[in-house]
Amino acid sequence: MLDPQLLRNELTQTAEKLAQRGYQLDVQNWQQLEASRKAIQVETEQLQNQRTTISKSIGQAKAKGEDIQPLLSQVASIGDKLEQSKNQLKTILTEMEAVTLYTPNLADDSVPLGDDENDNVEVSTWGTPKTFDFEVKDHVQLGQNNQGLDAESAAGLSGSRFTLLTGEMAQMHRALSQFMLDKHTQQHGYKEYYVPYMVNAETMQGSGQLPKFADDAFITEDERYLIPTAEVPLTNLVADTILDEAELPIKMTAHTPCFRREAGSYGKDTKGMIRQHQFDKVEMVQIVHPEHSFAALEEMTGHAEAILQDLELPYRKLVLCTGDMGFSATKTYDLEVWVPAQHTYREISSCSNCTDFQARRMQARFRNADVKKPQLVHTLNGSGLAVGRTLIAVMENYQNDDGSITVPAVLKPYMNNKSKVNKAK
RNA sequence: GGAGAGAUGGCAGAGCGGUUGAAUGCACUGGUCUUGAAAACCAGCAUACGUUAAUAGCGUAUCCAGGGUUCGAAUCCCUGUCUCUCCGCCA
């Protein structure tokens, strides 16, 4: 949610900034709502004040044994008017809330303007894509060759966009998440969490997935949502709390499966395990003092980069343009890893500063020693990294002529010191 | 799944349907005292919204949430959520 003061006092500028993101705020409608809200709220509060005042004097009169009848008839006329006024106010506030819940965060001034992913700006690249002296296979072929990746069995069990991993592929998948968690907890200062994979609607609303993106999530019969990312449970851990300033920053990480309907992505990335209904991810979340959130974004993106560097996977870093950013973000870096078979970079991490947007929805605050008042925290989240896509990247970048895959050095301790897997039979 | 108990300010914990935003204690902040600290004593200390130039006043709301009764609800009634205890089942 945006600061309501922005919509009240800087409506035109705010609408312009929202338009950069492709969101059209109905300014006229909002102004009308705001005007009637003002009038009706004042009226309601006045009526309420009258009623309370008279009710109090009834109490006093009764205590003194005076006749309360005149007071009762005085208050009688207020009831209906108040009721009506209250209902009107409620209707307007509900309407206004609907607008604010559907309005995205504002982009930071440092974010490049643009319409879609074509306008994202490359910030840096790392590593050099390896040249192969044989014809590279994609991860699907590599997986099939070695019977470690089985889309057909998964489809039989669950349908499209699911993958089954077996043997050393499953082991490498596990090794990757272990490695990532160890790196973040031991070197980057994050605390490890094990979290629920199902959350309630309130939690989904807190981090911005609801109400606007209900179609993207799986919902259970008892109205719980399968988490689309560990960002949801982790970030909401501070919902409705007032933290001590000394507790900040809070740095959390968790390895979870992520569930996404992928509604509207029909035909996109149907081959292989690039885009799945279920995938594993190691997520980083930071809860920080508002002054430090942009520095924290740089730091957190660095933590994701460190994983790729340790795995020696070439990647590039992009800053997303205004039109391509997620709903809650004010600034986002994407990391894209080199995928040899596609001869291109593919997204493997996304790190965002959400400023106070999620914090306001969740009412996550800290007691500011300077101001002494509770103040909204800033929240950040980043993938560190998407495990399935990392597995793909390792398979393809570390493939050998015979179809085997060399184990990256940092993964060896997690794989019984094997140096190669999936030797073609 | 069955039976019972509960949910009040940062925490603990009072509260008869009437001037209760709410006793008291702890914590916290400022002060007195002290060479300094502790102790003691004094004072202050919720949040949100509205109005406003105002972080000044004034007003409104908030005692788990949502309904209801009433002139008036933290207090009474209904529904829901969560927590705890006991029983059953169970990885």
Side-chain angles (χ1 to χ4, degrees), chain A residues 1-11 30-97 99-101 194-206 210 219-225 233 236-248 250 287 290 356 359-377:
Chain A
M1 250 162 65
L2 296 179
D3 186 344
Q5 298 299 334
L6 282 178
L7 290 171
R8 198 165 291 157
N9 303 326
E10 296 165 39
L11 184 59
W30 183 262
Q31 279 173 325
Q32 275 173 13
L33 284 171
E34 173 61 15
S36 35
R37 188 228 95 224
K38 201 171 196 169
I40 294 169
Q41 181 164 348
V42 169
E43 188 195 325
T44 308
E45 291 185 358
Q46 277 172 355
L47 287 169
Q48 233 146 6
N49 184 20
Q50 284 174 28
R51 194 193 62 182
T52 316
T53 311
I54 298 175
S55 289
K56 274 182 184 167
S57 48
I58 290 177
Q60 286 170 351
K62 232 178 164 179
K64 290 184 204 152
E66 293 169 2
D67 182 17
I68 58 168
Q69 207 49 51
L71 290 167
L72 283 177
S73 49
Q74 237 188 82
V75 86
S77 60
I78 298 176
D80 287 347
K81 272 195 276 181
L82 178 60
E83 191 66 19
Q84 208 185 357
S85 188
K86 260 184 174 172
N87 286 336
Q88 279 178 20
L89 183 62
K90 201 173 170 183
T91 310
I92 291 170
L93 289 178
T94 310
E95 233 174 289
M96 293 179 88
E97 195 191 28
V99 175
T100 53
L101 280 176
Y194 170 81
V195 297
Y197 300 162
M198 287 184 250
V199 297
N200 58 31
E202 203 183 339
T203 302
M204 288 287 274
Q205 181 171 304
L210 288 183
I219 182 166
T220 66
E221 228 168 274
D222 59 353
E223 288 179 46
R224 275 183 253 272
Y225 294 80
N236 277 282
L237 278 172
V238 293
D240 288 315
T241 55
I242 300 176
L243 300 157
D244 275 343
E245 189 168 351
E247 292 177 71
L248 303 177
I250 298 174
I287 312 294
D356 61 9
R360 186 170 293 106
R361 287 173 162 242
M362 297 188 297
Q363 283 303 301
R365 297 173 292 176
F366 73 103
R367 217 170 271 282
N368 187 328
D370 301 332
V371 197
K372 278 203 172 177
K373 289 203 113 192
Q375 194 182 333
L376 295 168
V377 296

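Chain A is the first sequence line, chain B the second, and so forth, proteins listed ahead of strands; every chain is numbered from 1.
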Using a 6.0 Å cut-off, check whether atom [atom1] of [X] has over 12 heavy atoms from anything other than its own residue.
X        : atom1 : result
A:Glu223 : CD    : no
A:Asp222 : CG    : yes
A:Met96  : CE    : yes

Can you tell me the distance, in whole Å, between the [atom1] atom of [X] and the [atom2] atom of [N]?
X        : N     : atom1 : atom2 : answer
A:Gln5   : B:C49 : CD    : C1'   : 10 Å
A:Leu47  : B:C71 : CG    : C1'   : 15 Å
A:Lys62  : B:G72 : NZ    : P     : 12 Å
A:Asp240 : B:C82 : CG    : P     : 16 Å
A:Arg367 : B:U55 : CZ    : P     : 19 Å
A:Glu43  : B:U51 : CD    : P     : 15 Å
A:Gln60  : B:C71 : CD    : P     : 19 Å
A:Ile78  : B:U70 : CD1   : P     : 17 Å

In whole Å, what separates the [atom1] atom of [N] from that of [M]?
N     : M     : atom1 : result
B:C78 : B:G30 : C1'   : 49 Å
B:U20 : B:G57 : C1'   : 23 Å
B:U69 : B:C84 : C1'   : 31 Å
B:U29 : B:U81 : C1'   : 37 Å
B:U19 : B:U83 : P     : 35 Å
B:A14 : B:C26 : C1'   : 15 Å
B:U8  : B:G13 : C1'   : 9 Å
B:A23 : B:C63 : P     : 15 Å

Could you check if a side-chain atom of [X] sits within less than 4.5 angstrom of a side-chain atom of [Y], using non-hydrogen atoms only?
X        : Y        : result
A:Ile78  : A:Ile54  : yes
A:Thr44  : A:Leu82  : yes
A:Leu243 : A:Ile250 : yes
A:Ser85  : A:Gln48  : no
A:Ile287 : A:Leu248 : yes

Legend entry - Selection from B:G10, B:G18, B:C49 that lies nearest to any side-chain heavy atom of A:Ile242: B:G10
Legend entry - A:Val42 vs A:Arg224, nearer the 5' end of RNA chain B by closest nucleotide: A:Val42
Legend entry - 5'-most by nearest nucleotide on RNA chain B - A:Pro4 or A:Ala76: A:Pro4
Inset, instruction - Would you indicate, yes or no, if B:G72 has its OP1 or OP2 atom less than 4.0 angstrom from a side-chain nitrogen or oxygen of A:Lys56? - result: no
Legend entry - Presence of A:Arg365 side-chain N/O under 4.0 Å of B:U47 phosphate oxygens OP1/OP2: no
Inset, instruction - May I ask you to say what A:Arg360 touches in the nucleic acid, namely base, sugar-phosphate or nothing, with a heavy-atom cut-off under 4.0 Å? - result: nothing
Inset, instruction - Would you classify A:Lys38 as touching base, sugar-phosphate or nothing, given that sugar-phosphate means primed atoms plus P, OP1 and OP2, and contacts are heavy atoms under 4.0 Å? - result: sugar-phosphate
Base partner of [N], which must satisfy Watson-Crick or wobble distances under 3.5 Å:
N     : result
B:C16 : none
B:C82 : B:G6
B:C76 : B:G68
B:A48 : B:U60
B:C11 : B:G25
B:A40 : B:U32
B:G1  : B:C87

Interface polar pairs with nucleotides 60-68 of chain B, N/O, under 3.5 angstrom:
{"residue": "B:U60", "atom": "OP1", "partner": "A:Asn49", "partner atom": "OD1", "Å": "2.7"}
{"residue": "B:G67", "atom": "OP1", "partner": "A:Lys90", "partner atom": "NZ", "Å": "3.0"}

Legend entry - A:Asn49 and A:Thr52: side chain donor to acceptor below 3.5 Å: no
Inset, instruction - Indicate whether any N or O donor in one side chain lies under 3.5 Å from an N or O acceptor in the other, for A:Gln50 and A:Gln46. - result: no
Legend entry - Close approaches to RNA chain B from residues 66-75 of chain A, in residue order (heavy atom, under 4.0 Å): A:Leu72, A:Val75
Legend entry - Basic-acidic side-chain contact under 4.0 Å: A:Glu34, A:Arg37: yes
Inset, instruction - Tell me, with the steps shown, if A:Gln60 and A:Glu66 meet side-chain contact (heavy atoms from CB on, under 4.5 Å). - result: CA-CA 9 Å; A:Gln60 286 170 351; A:Glu66 293 169 2; over 6 Å; no
